[in-house]
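All of these numbers come straight from a predicted model, not from anything done at the bench. The figures that follow rest on heavy atoms only: side chains count, while hydrogens, waters and symmetry mates do not. Throughout, protein chains are lettered first and strands after them, A, B, ... in sequence-line order, and every chain is numbered starting at 1.
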Amino acid sequence: MARISLTVDGVTYTDDVAPRTLLAYYLRDQLGKVGTVIGCDTTNCGACTVLMTDADGVPRSVKSCAVLAVQADGRGVTTIEGLAPDGDMHPMQRAFHEQHALQCGFCTPGMIMSAVDLVADNPDPTEDEVREGLEGNLCRCTGYQNIVRAVVAAAAEMRGAGAAPSTAEAPAKPAPEPAEVAS
Amino acid sequence: MTAVAEPEIGRARLRKEDARLITGRTRWTENIALPGMLHMAILRSAHAHARISRVDVSAAAAAPNVVTAFSGSDVAETQGTLACAWPVTEDIVMPTYPPLAVTEVRHVGEPVAVVVARDRASALDALELIDIDYEPLPVVRDMEAALGEGSPLVHADAGTNKSYTWIFDSAQAGSGGDVAAAAQEAEVTIKQRYVQQRLIPSSLEPRSVIVDPTSGDWTIYSATQIPHILRFLLAATTGTPEHKINVVAPDVGGGFGGKLAVTPEEWIAFAAANRVGRPVKYTESRSETMVSAHHGRDVIQDITLYAKRDGTVTGLDVKLTANMGAYLGLVTPGVPILGAFMYNAIYKFPAYRFECTGVFTNTTKTDAYRGAGRPEATYAIERTMDELAAELGLDPIEVRRRNWIKHEEFPFTTVATLTYDSGNYEAATDKAMSLLGYAELRAEQEARRAADDRVQLGIGISTYTEMCGLAPSRVLGALRYGAGGWENASVRMLPTGKVEVVTGTSPHGQGHVTAWSQIVADRLGVPFEDVEVRHGDTRIAHKGLDTYGSRSLTVGGIALVQACDRVVEKARTVAAHLLECSTDDLEFADGTFRVRGTPDAAKTMGDCALAVFAAHNLPDGVEATLDADATFDPQTFSFPHGTHLCAADVDRETGEVHIRRYVCVDDVGRVINPMIVEGQVHGGVAQGIAQALFEEAVYDADGNLLTGSFVDYTIPSAVDLPTIESDRTETPATSNPLGVKGVGEAGTIASTPAVVNAIVDALRPYGVRDVPMPCTPERVWRAIRSASSQEVTS
Amino acid sequence: MIPVAFDYVRPSTVEDAVSALANAGEEGKVLAGGQSLLPVLRLRLAAPSVLVDLGGLAQLRGARVDGDRLAVGAMTTHAEVAGSDVVRAEVPLLAAAAARIGDRQVRHLGTLGGALAHADPSGDLPTVAVALDAELVVAGPGGRRSIPAAEFFRDLFTTALGPDEVLVEVRLPRLAGWGYRYEKFQRTAQAWATVGVAAAVRRENGSIAEARVALTNMGPTPVRAVAVERALAGADASADALAAAAEHAAEGASPASDLAASAEYREHLARVLTRRALTAAAGL
Amino acid sequence: MQMEHAFTVPVPVAQAWDVLLDVERVAPCMPGATLTSFDGEAFEGTVRVKLGPVSMTYKGRGRFASTDEANRQVVIEASGRDSRGGGTAAATATANLQSTEDGAATRVTIVTDLAVTGRPAQFGRGMIADVGGRLLGQFADCLATTLAEGSGSPPPAEPAAEAPIAAAPSPAAPAAEAPTAAAPPARPRRSADAIDLLQVTGISAMARKAAPYVIGFVVGGLVTWALISLFG
């Protein structure tokens, strides 16, 4: 076992982990951060994408199934659950909702985290740049079109340029539902 | 409540489902942890065909943290068998399908032994300690070889690799002429062989199941599309009383037919939980999914089309060889049969014969994958219509016009015996052509052809229809399907005026909660926000037949309407009583009963609900509940249709295909939520393009799946797919009160032939008549090369 | 899937890393960015007893000019290489190829040294290293040595690195003013290169003064397109001359047939892509 | 899949035959192989294959299905199993020796039927045949040298406990005996004739990536293992 200490969604944890523990499983099994999901075992699908600070402290998107928990020692991790800590939606989350950028929602946490990272690097991406920027995330439901639209819209909102028109009607901000936990 | 509300139906309502999905507060099966829960890992056969000569799990059972380990022989008596619900012919060969192989394995990935441990890692570690010896048996992978004399047999006791042959002949059915006669009189004959490659549905959420045997009942959480069918079959095949089984489909991360299954893993988890008396969880890894979850398509299509020189088709002969894989899954044999009614598509063919032979091979079983039989049919006929057009020198749209059912000819009974209630192929096609700028692109194509450009432009057309709304129970019965096709809904008015809806459909991404809320809001005149929709738990949704085959809205939606109407009728009685008038004096609008001529005398649905709850003043004989339950069994199918146009650039040098424009105009009848409909079209088109260009499950001669991960089974990412320009025409279905038709599979059905037609169209001047799917750059390059070398030699 | 259990060390000096590897013997494995290694571990295709994580070696990150060379630390990530001003100025071909590796997430963790030491024949960076005659500096128990790229890649996934050696730095010639192109052909955006071409060209007075060309996935190791370079030397910087030279691209290559492509198609692609890469690199 | 390899060694057939059946002489040609038992007919052993990050160990057994001295033919059946994951390989190898017309040399033909299952197949990018052929070729290359040495030469060194596919002159593989085109053979080839034939038959053809995880090479290991059995 190895002792690690890291910050996840603003909370500092110190744990003993087996070196073979993948960050994705550490988040899910030891921290209960089940918002981050695992969709493959070859780092293709990107569903497990989280932000992890690099050696310079800059948050970067990584596939948490391709990182050992021990490699995250001393780092800061942000998951989909910590994207909007005060309960408000992050603009990217809101855009995914407003642009109907999800159907089953399984790829969504990773997709949103990748998109947040992309827009941090490129605040005004074209549709093609969004498509390239999300090449590490697979979605089987949406054909990506509305995802691309959502990222462009969120980027606009984050630049303060005002949101692009929604595909849908005036957004009713969805009330966050309480987490469902099995007994 | 007095303002006239805009109708909810037709509004692009944002989805109620999204909030938890975009914040990670989701309840996937894999997220559920129960007290005392153990983890299961499965040892799978590495052999495509072998006798199990010895299995020793003792070392695994003794490993740290391992609670139990067992193999097929340990549970042979109790594990039950997996059932096929669709024996399509009387003499179908339907082999026993043990969840855990006992004596023989018949495909790579078949489960052979199990470890149940305290944690996932320990279970996986212990799997490596299982000692197992196989005696390899001859492998048959190729369907046509399997039907040949002296082929190794997948099921020796069956004596054959043929599962069934199913035939439809319009001459015998009385729905059309004799294809043999059409053949004799044909002025033009188009003969084509198409291969529908094997695909893997690949929902992003892997399959996952938890079986909880504690508390006196069995609760099964499963990432399934079909909780109700799962419950029924689990009871029927394990001998567990049905009323002691509860199945929950929590949040389910996509299905596409891949979770329209009762899986060996569900049964094995059941057996494991039975052994240990504790909750057992199993979540497969993606590399397990690839070899063990069912695959789709894998059909060889021999198509012969007979026509006159004016382009009028006179007959169609279809011979299919369909790969069942090693076993028959839930609806494996029926998948190609669903396509039997669709080869004639939107056309007025006078004679039609269809024959399908199902074949066993040492491969993972096939079963439903988005469209199930109908994409295959549409691909074959739409590719063939293009070949007919080329043969006759006609524009491919023109040849379709000369054969399709005109809008004034509906209802129209087809040569395949179905009665299409409505449609307007002309309108959808005209709209699509205008959106694309068809004439301009044809002109550009001419110019590029004349210049012999390296990159050629192709325009692909696909005019499709599909049968949705599975299905009239009597039809299913006639087709020997083991269950009905009805759907159930119940609607409960709560005392505060809120509405609780329970549906028997089981969504896994389709947005039923939102769409059903819209329907109910309109029907009951309550706010959209006041409706909650429950599903996917057999303890709550007692009755249902689940979600597949674009059936949920066209069947479940109608049940919902009926339940709403019953609630309104009951409320009307209550309102009349409260308003001291006759029910006939009441009119109902916007959720309010008003006395005709005295609009101030009014009771809302909420008023009625509260009055029923209080029950202080109810009419005689009226029970103190304001709810209703309805089951709807459709009398016929619904028939969405549309026209998809694909403009593709094809690089003759590298064979690369770039989809430049993709335009689709779909007619799915009345639309409940256009945003959701558009999303379904996008996703469907993406999967159809994926079949055309990217995906293929490849086996080697020994029966190994070579595309055993997402590294080699190449699912397209955002970069690989085009922007889809979608629009609609709206010709309401006349066969149901909502006028809806279904949209879940339309895009997938339509897009594959549109893309391949575009590629072939681009290369036709270079002698190319077909490119096998998926049309990888190398295949396109080879098609060009072999066509040009043939031209040189001929 | 979950890897087989292993021990883990995270040295803070190169010397400690080397001795940790030496102590591990045959069962040790270096963890750089882990983007190729972790999937292998998850699929249980390997079961090292010790992982030596170089993630703590800050001294192996970054790029700097050192005389006529650009020196890039082995633990510099692909994203850092692709985004580095000095790399883009001095060896833009390396930055361009790094930008095409995997996806954003992979580029955030995957490292230059890891990609070279992994020696995947479909990897993009080994080809660039071979094309540019990079020198790979490795540290071992006996100190440091420098290995020319042409000698570093021995075979499929096999390099000249000893089991107790660590790749610490990559030294590349400064090619400011050269034209360049990394031409990558993939079945899908996520796929490895079916074929890749790294080309760098220096023009002088309307002709090609120097050209460096190497191919990805045209053999078990990167293939230097010697015949192409020879044909280009002194040739006119014209489309025809480049096309004629590119016809030699598959000479000396021995590509595989696999699920992505046949050998024959790869040879065809090599010629086409080489022509395209040269055309772009020559600014035509 | 079936693979065929042929080469000619400059020793008379009787001499080659003796060497071919000499376990001690031939088995070491297999990189990473350990023969654990041999009773004259049946044998057991392990092969450890290491390639890049992939490292797997196979355990197996086999037997001489026939030894036909009159026709100078040996048939071996063997099968091995991955120590984790349950993948297997089964091979039937038929080796034929034929004297050249002048009797001075022997033409050796090895036909191998190989079936590989499990992770190497599932994650190996469909390269089993390619990789298998290459590995068989490496073995045949070494075997050609050994047979050419004739019966009088001392046996080669003990096999390495594991060996990379390429015999890189690195400390990792001090005793590796698998020459490839990429690295010089550890021992001199004595027969120019054999070398040429090897090239003609594609033995030194480069194999490929089985990327990204290169499992194909494990298969190679099985091939070599199967051949060990052949000559064990």
Side-chain angles (χ1 to χ4, degrees), chain A residues 1-4 17-25 29 38 40-56 58-75 110 113-118 120-122 129 131-138 144, chain C residues 1-10 31-62 73 75-80 82-83 99-111 186 188-192:
Chain A
M1 299 297 256
R3 171 65 54 96
I4 60 170
V17 297
R20 63 163 149 173
T21 307
L22 301 169
L23 178 59
Y25 283 112
D29 295 346
I38 299 169
C40 77
D41 40 21
T42 50
T43 70
N44 288 88
C45 80
C48 64
T49 300
V50 299
L51 303 182
M52 183 171 87
T53 53
D54 65 12
D56 301 325
V58 180
R60 307 279 187 198
S61 60
V62 300
K63 294 181 179 178
S64 63
C65 78
V67 185
L68 297 172
V70 287
Q71 290 176 282
D73 184 28
R75 306 292 178 97
M113 298 315 284
S114 279
V116 167
D117 175 73
L118 168 69
D121 260 12
N122 180 354
E129 286 168 344
R131 286 181 183 274
E132 273 167 35
L134 297 179
E135 68 187 333
N137 293 73
L138 296 175
Y144 303 101
Chain C
M1 292 285 283
I2 294 171
V4 175
F6 50 77
D7 289 334
Y8 172 83
V9 291
R10 187 181 172 91
L31 172 64
Q35 299 304 286
S36 290
L37 180 60
L38 280 177
V40 169
L41 297 179
R42 287 183 72 192
L43 296 172
R44 299 197 168 203
L45 294 165
S49 62
V50 183
L51 280 196
V52 179
D53 182 0
L54 305 187
L57 303 179
Q59 57 273 42
L60 300 189
R61 285 180 68 212
M75 288 298 288
T76 312
T77 65
H78 304 315
E80 289 163 349
R100 296 294 308 277
I101 293 174
D103 50 54
R104 288 180 67 81
Q105 296 97 310
V106 166
R107 292 193 292 272
H108 284 148
L109 291 175
T111 63
Q186 299 159 281
T188 59
Q190 290 206 341
W192 292 73

Checklist entry - Got a salt bridge between C:D103 and A:K63, using NZ or NE/NH1/NH2 to carboxylate O under 4.0 Å? => result yes
Item to check | Salt-bridge present (C:R107, A:E132; N to O < 4.0 Å) | outcome: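 The answer is no: the pair does not qualify as a salt bridge.
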Using a cut-off of under 4.5 Å for heavy-atom pairs, which of [options] has the most such pairs with chain C?
options: A:V62, A:V67, A:T49; answer: A:V62
options: A:D54, A:N137, A:L134, A:T21; answer: A:N137
options: A:C40, A:G136, A:S61; answer: A:S61

Can you say whether [X] sits under 4.5 Å from chain C via the side chain, the backbone, both, or neither, judging by heavy atoms?
X: A:M1; answer: neither
X: A:A2; answer: neither
X: A:A18; answer: neither

Checklist entry - Checking C:L37 against chain A: side chain, backbone, both or neither under 4.5 Å from a heavy atom? => result neither
Kindly compute the distance separating [atom1] ([X]) from [atom2] ([Y]), expressed to the nearest 0.5 Å.
X: C:Y8; Y: A:D73; atom1: OH; atom2: CG; answer: 7.5 Å
X: A:I38; Y: C:M1; atom1: CD1; atom2: CE; answer: 13.0 Å
X: C:I2; Y: A:D29; atom1: CD1; atom2: CG; answer: 7.5 Å
X: C:L51; Y: A:Q71; atom1: CG; atom2: CD; answer: 8.5 Å
X: A:D41; Y: C:L43; atom1: CG; atom2: CG; answer: 5.0 Å

Checklist entry - Can you tell me if C:Q190 uses its side chain to pair, donor with acceptor, with the backbone of A:E135 under 3.5 Å? => result yes
Next on the checklist: If I compare all heavy atoms of C:P39 with all of A:T42, which pair ends up nearest, and what's the gap?
Outcome noted: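 Reported closest heavy-atom pair: CB-CA, 4.3 Å.
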Item to check | Shortest non-hydrogen contact from A:C65 toward C:R42 | outcome: SG-NH1, 3.0 Å
Checklist entry - Do C:L41 and A:L68 come within less than 4.5 Å of each other through their side chains, counting heavy atoms only? => result no
Checklist entry - Please walk me through it: do A:D117 and C:Q105 pass side chain to side chain donor-acceptor pair (under 3.5 Å)? => result CA-CA 9 Å; A:D117 175 73; C:Q105 296 97 310; over 6 Å; no
Item to check | From CA spacing to verdict: salt bridge (charged side-chain N to carboxylate O under 4.0 Å, His left out), C:R104, A:D121 | outcome: CA-CA 11 Å; C:R104 288 180 67 81; A:D121 260 12; 3.0 Å; yes
